[in-house]
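What follows is a short report on a single structure.
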Amino acid sequence: MNKIKILIVDDHPMMREALQTAFEGEDDLEMIGEAPDAIKALKMLETIKTDVIMMDLLLPKMSGLEAIEKIMENDPNAKILVLSSMENEERVVSAIQAGALGYFPKTAPRTYLLEAIRKVADGIPYLPSGITLKLFQGLRRSKMAPLTDNTQESLTSRQQEILSLLAEGHSDDEIAKLLHLEESTVRAHIHNILRRLGLKNRTQAVAYAHHHLKAE
C-alpha cells in the first residue's frame with residue numbers, strides 16, 4: 001500500500017501533535033514532516049516529496065496564503081489542505097484562489113479530517129457543506145470575468161467535458177477511466193485548459209467551472 005505522505009504546517013505545537021495523533025492506526029497515512037512556519041516549510045519542500053500539505057493560514061513570518069502561492073508557483077500539482085479555526089468566506093475564497101485544494105475547520109471531527117486528507121490526496125477538492133455555501137457566496141461577489149463565447153470556443157469539446165468532470169470532483173484517474181483515456185492525456189488536457197482560461201491551477205479551474213458552466 002502506498003502511503004499518503006503529509007507535511008503539517010502550523011505554529012502551534014499542540015495542534016501539530018494532535019494531528020499526528022489523529023493519523024495513528026491509519027495505515028495509509030504518514031506524517032513525514034512538520035514546520036512551525038511557512039518559511040521552514042518552503043525550505044523542507046526543497047528536499048522532501050509530499051502528497052498532501054496541511055497548511056494553517058495564520059502563521060508567523062509569512063502568511064499561509066502567501067505560502068500557498070509560493071508552493072503553487074514551484075509545483076502547480078501540489079495538493080494543499082488548509083486548516084483553519086475561521087470560516088470567513090473571503091478567506092475560503094482567497095485560499096482556493098491561491099491554490100488550496102481543500103479547506104477544513106480545525107474543530108471538525110477526526111473522521112472528516114481523514115476523509116479530507118484522502119480526497120485531497122486523490123486530487124478531489126474538499127469543502128464541508130457549511131463552507132461550500134460560503135464559497136459560492138464569495139464567488140457571486142467575486143470579480144471573475146464572465147465566460148464569453150470566445151472563451152468557450154477556445155476549449156475543445158473534450159476539454160469542456162474534462163473540465164465538467166473535474167468540477168464534479170473526479171480525480172484524474174477517474175476521468176481517464178470514464179473517458180477511456182490515459183491518465184497522462186487527462187493531465188495534458190487539464191494543463192491546456194488552465195493555459196487557455198488563464199488560470200493558475202486546477203483548484204481555480206473547479207471554481208471557474210462552478211461559477212460559469214451552465215447546467216445542461
Side-chain angles (χ1 to χ4, degrees), residues 1-135 138 200-203:
M1 174 188 296
N2 292 328
K3 291 191 175 185
I4 298 172
K5 297 178 175 58
I6 303 166
L7 171 64
I8 299 173
V9 188
D10 195 295
D11 60 328
H12 294 98
M14 290 183 64
M15 176 55 65
R16 298 198 303 271
E17 183 178 348
L19 290 171
Q20 186 173 4
T21 301
F23 304 151
E24 292 180 357
E26 303 299 323
D27 294 337
D28 61 329
L29 304 180
E30 178 184 10
M31 190 187 82
I32 62 169
E34 57 178 290
D37 59 66
I39 293 176
K40 289 185 178 179
L42 290 170
K43 189 66 177 177
M44 291 177 68
L45 288 170
E46 294 177 1
T47 58
I48 64 173
K49 177 67 176 176
T50 65
D51 296 307
V52 175
I53 301 167
M54 301 176 69
M55 176 79 66
D56 189 10
L57 291 182
L58 298 178
L59 295 169
K61 301 180 182 179
M62 179 189 294
S63 73
L65 286 177
E66 186 178 354
I68 292 170
E69 291 175 348
K70 289 183 178 296
I71 291 170
M72 297 308 296
E73 286 176 6
N74 295 329
D75 180 10
N77 294 316
K79 297 168 182 175
I80 302 172
L81 174 63
V82 167
L83 297 173
S84 180
S85 56
M86 299 176 295
E87 297 183 22
N88 178 279
E89 61 203 53
E90 292 182 1
R91 288 185 179 275
V92 175
V93 173
S94 295
I96 291 175
Q97 289 177 335
L101 195 56
Y103 195 103
F104 192 84
K106 290 182 177 180
T107 55
R110 173 180 179 271
T111 52
Y112 293 153
L113 172 64
L114 299 178
E115 177 188 7
I117 293 170
R118 290 174 176 128
K119 281 185 176 294
V120 168
D122 285 337
I124 301 173
Y126 182 90
L127 292 172
S129 57
I131 294 181
T132 302
L133 176 60
K134 294 178 185 295
L135 170 63
K200 293 181 179 179
N201 51 64
R202 63 181 60 211
T203 309

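Side chains included, hydrogens not; waters and symmetry mates left out as well; all remaining heavy atoms used.
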Open item on the list: I'd like to know whether K3 forms a side-chain contact (heavy atoms from CB on, under 4.5 Å) with I32, so could you lay out the CA-CA distance, the side-chain angles of the two residues, the decisive distance to 0.1 Å, and finally the verdict.
Closed with: CA-CA 10 Å; K3 291 191 175 185; I32 62 169; over 6 Å; no
Open item on the list: Looking at K43 and E46, is there a salt bridge between them, counting it only when a charged N and a carboxylate O are closer than 4.0 Å?
Closed with: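 Judged by the 4.0 Å cut-off on N to carboxylate O distance, E46 and K43 do form a salt bridge.
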- [ ] For atom CD of E17, decide whether the heavy atoms of other residues, nucleotides or ligands shown that lie under 6.0 angstrom number more than 12.
- [x]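 Check fails, neighbour count at 12 or below.
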Task: K70 NZ: over 12 foreign heavy atoms closer than 6.0 Å - done: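 Not more than 12 within 6.0 Å, no.
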Of all heavy-atom pairs between [X] and [Y], which one has the smallest distance, and what is that distance?
| X | Y | value |
| --- | --- | --- |
| P109 | F104 | O-CZ, 3.9 Å |
| L81 | Y103 | CD1-N, 3.8 Å |
| M44 | E34 | SD-O, 3.6 Å |
| V82 | A95 | CG2-CB, 4.0 Å |
| A67 | M55 | CB-CE, 3.9 Å |
| P60 | D37 | O-CB, 3.8 Å |

TODO: Among V9, L45, T50, find the one that has a side-chain contact (heavy atoms from CB on, under 4.5 Å) with I71.
DONE: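 When side-chain contact (heavy atoms from CB on, under 4.5 Å) is applied between I71 and each of V9, L45, T50, only L45 qualifies.
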Nearest-0.5 Å distance, [atom1] of residue [X] to [atom2] of residue [Y]:
| X | Y | atom1 | atom2 | result |
| --- | --- | --- | --- | --- |
| L59 | D11 | CG | CG | 5.5 Å |
| E69 | I80 | CD | CD1 | 10.0 Å |
| I4 | R118 | CD1 | CZ | 6.5 Å |
| I6 | I53 | CD1 | CD1 | 11.5 Å |
| E26 | D28 | CD | CG | 6.5 Å |
| L113 | L83 | CG | CG | 6.5 Å |

Open item on the list: Can you confirm whether I8 sits close enough to M31 that some side-chain heavy atom of one is under 4.5 Å from a side-chain heavy atom of the other?
Closed with: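 Side-chain contact under 4.5 Å: yes.
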TODO: Please tell me if the side chains of M54 and V120 come closer than 4.5 Å, counting only heavy atoms from C-beta onward.
DONE: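 The answer is no; the side chains never approach within 4.5 Å.
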Task: Derivation of the side-chain contact (heavy atoms from CB on, under 4.5 Å) call for D51 and I117 - done: CA-CA 9 Å; D51 296 307; I117 293 170; over 6 Å; no
